[in-house]
Structures are given as C-alpha cells and as structure tokens.
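Comments concern the structure below.
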Protein chains: 2
Amino acid sequence: MIDRMAAATHPSMEDLDLPTVMHALADPIRLGLVRLLSDGEERAWGDLDAPVANSTLSHHLKVLRSAGITRTREEGKRCFVRLRSDEFEGRFPGLLDTTLALAGEAGTGVADVRLHSAAA
Amino acid sequence: MIDRMAAATHPSMEDLDLPTVMHALADPIRLGLVRLLSDGEERAWGDLDAPVANSTLSHHLKVLRSAGITRTREEGKRCFVRLRSDEFEGRFPGLLDTTLALAGEAGTGVADVRLHSAAA
DNA sequence: TTCTATCTTCGACGAACATCGAACAATCGG
DNA sequence: CCGATTGTTCGATGTTCGTCGAAGATAGAA
C-alpha cells in the first residue's frame, strides 16, 4: 500500500503543537524507545527489542515520527531510526533534554526497550 | 457523594510516573490551565474561564490533581487551585518549567483559559 | 522469477478519553 | 428550614488509543 519508497513522511517542526508532542511522550513504550535513542545514535529497526508485537512497534514509531521526535531513514530493505534532536530543540527548547533526563531514571514507568543480542 | 470535606485526594510524588504526567499535559485545556496558574498564584475555581462545561472542567482539574501537578484547597463553599511547583520540581526536575515556557508561547496548541471578568 | 527478510497496513477488539447535561452533596444566607 | 451557590459525580455518547494477527508491499538473494 504505502511507501517504503515514498520515504516515511516527516512533519515540519512549525506544524507541530505541544499537545501532540506531549501525547507522543505519554506512553511507556515510546518513552523507552526515546531513551534508547537518547545517545543520538542511529539504530536499525530490526535491532529494537520492545515488549510488543512488530505491528505495534511500527505504530509507536509512527507516532513518534508524526510528532517530530524521530526520523526514519530507509536503506534498501532495512530501516534506521534516530532522534531529530537539533530540529526538535529549535521548536520545543528544553523539552527533549528534560524528558530524556527523566526517562533515564528508574521507577518512572518507562518500558524496557533494548537492543537485540547483536548490539551495535 | 464524595467529599468536599474529605478534601480532594492528592497523590504522593513518589507514586507518580512519567507517562501519567505527560498524559496530563497532553491536552489543550489542561495546558491552558497550567499556563494560567504559571505565576504560582492560587486561583478560585469559579474564576476559571475555560471553553468547556463545568463538569468537564472539573474532570480536567481532577486529571491535573491526580498527576501531582496541582493542589486543590477547599474553603467553605469554594475551591482554590494552584500548582505544586516545588514538590513537582523535586520529583520531575525541569519538566514543569520547560512545559510552562513552551505553553506560554503562541501557536503551540494551548487552549485559551483565562479568568472571568472579575479577575483577582 | 521465486523465495525470504523486513517492515507497514488492515481489520478488529476492548479500554480509556473528552464531552455534555442532569442529578447530587455541602455550605452559607435569609 | 428553605433556597441559592458551588463544584462533583453519574450516565451516556462518540472518539481515540494500544494491541494483536494476518495480509500486503518492497528489496535483495537464490
């Protein structure tokens, strides 16, 4: 149907509003993903190990992408994800850094998202 | 039924998790309320002028209260609301300040919540 | 071309959510 | 005691959300 080739659509930062962004950050799995990506490195989709089905993981990544938080790059058959840190910082100053600092601590209700065995 | 006298229940900061807090901050009306309270002053419930029915406003204030963001005080027949700034800062450092800074700007999707004519 | 790996989309489900009006409880003033 | 004021709760409605499995689409390997 869609577009592994049409390159997953990414919103312009100007088009984003605060409620949308907050909502994207209001889920344990998505916070776990953001935490995993917090070092700024790009990660392969297939290396992401979250406690949900692949279809659900795809959904969560779409929500993060739609909220301007992550960028997805397609390379052949595989996908890579990373934070849009700099751009996001320009639109919502401080929000990502603050959230990452909080999501990094234990007991904050963030899901355990890690990398599959063969880490990069 | 309940308890204008049992004093609206407020959670302990340790019992709060990040997804809950983010969710509370993911609504235009609630962000508008938080913005209105951002100066730290206590406001009378009846002075709050939000574009929703009273029952809905009551609901939103309950969500904020349950997320540890606001505190409600009852004095006789009337209610007063204020932010739990200091306590909240201790549990989620930086989050409230960052959010308030962002909610204060235009074009961020925050609802227009103000005070009724007779402002305090 | 055919098969395989890699995501994405579809369709469905139950749960949670925002919203309203009406009914209710509590307090204060006659 | 009666009535007005002030929020809160209830019940209902329509929407959105998180989740899954199955089916689809694409790129590369065989």
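First the proteins, then the strands, lettered A, B, ... as listed; each starts at 1.
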*For the side chain of Thr56(A) and the base of dG18(D), is some donor closer than 3.5 Å to an acceptor across the two?*
no
*Between Arg30(B) and dA18(C), is there a side-chain N or O to OP1/OP2 distance below 4.0 Å?*
yes
_Of the listed nucleotides (dC20(C), dT8(D), dT8(C)), which one gets closest to any side-chain atom of Val52(B)?_
dC20(C)
*Euclidean distance, atom CZ of residue Arg78(A) to atom P of dA29(D) [Å, nearest integer]*: 12 Å
*Donor-acceptor contact below 3.5 Å, side chain His116(A) vs main chain Gly46(A)*: yes
*Arg114(A) side chain to Asp49(A) backbone, donor-acceptor under 3.5 Å*: no
*Basic-acidic side-chain contact under 4.0 Å: Asp39(B), Arg43(B)*: yes
*asked:* Which is more 5' along DNA chain D, the nucleotide nearest His23(A) or the one nearest Leu57(A)? Just name the residue.
replied: His23(A)
*asked:* For Gly94(A), is there any backbone N or O sitting under 3.5 Å from a side-chain donor or acceptor partner on Glu89(A)?
replied: yes
*Can you tell which of dG21(D), dC20(C), dT9(C) lies closest to the side chain of Ala53(A)?*
dG21(D)
*Classify the side chain of Ser55(B) and the base of dG21(C) as holding, or not holding, a donor-acceptor pair under 3.5 Å.*
yes
*How would you label the contact of His59(B) with the nucleic acid (heavy atoms, under 4.0 Å): base, sugar-phosphate, or nothing?*
base
*When you get a sec, tell me which of dG21(D), dT27(C), dT19(D) is the closest nucleotide to the side chain of Lys77(B)?*
dT27(C)
_Measuring to OP1 and OP2 of dT19(C), would you say a side-chain N or O of His60(B) lies under 4.0 angstrom away?_
yes
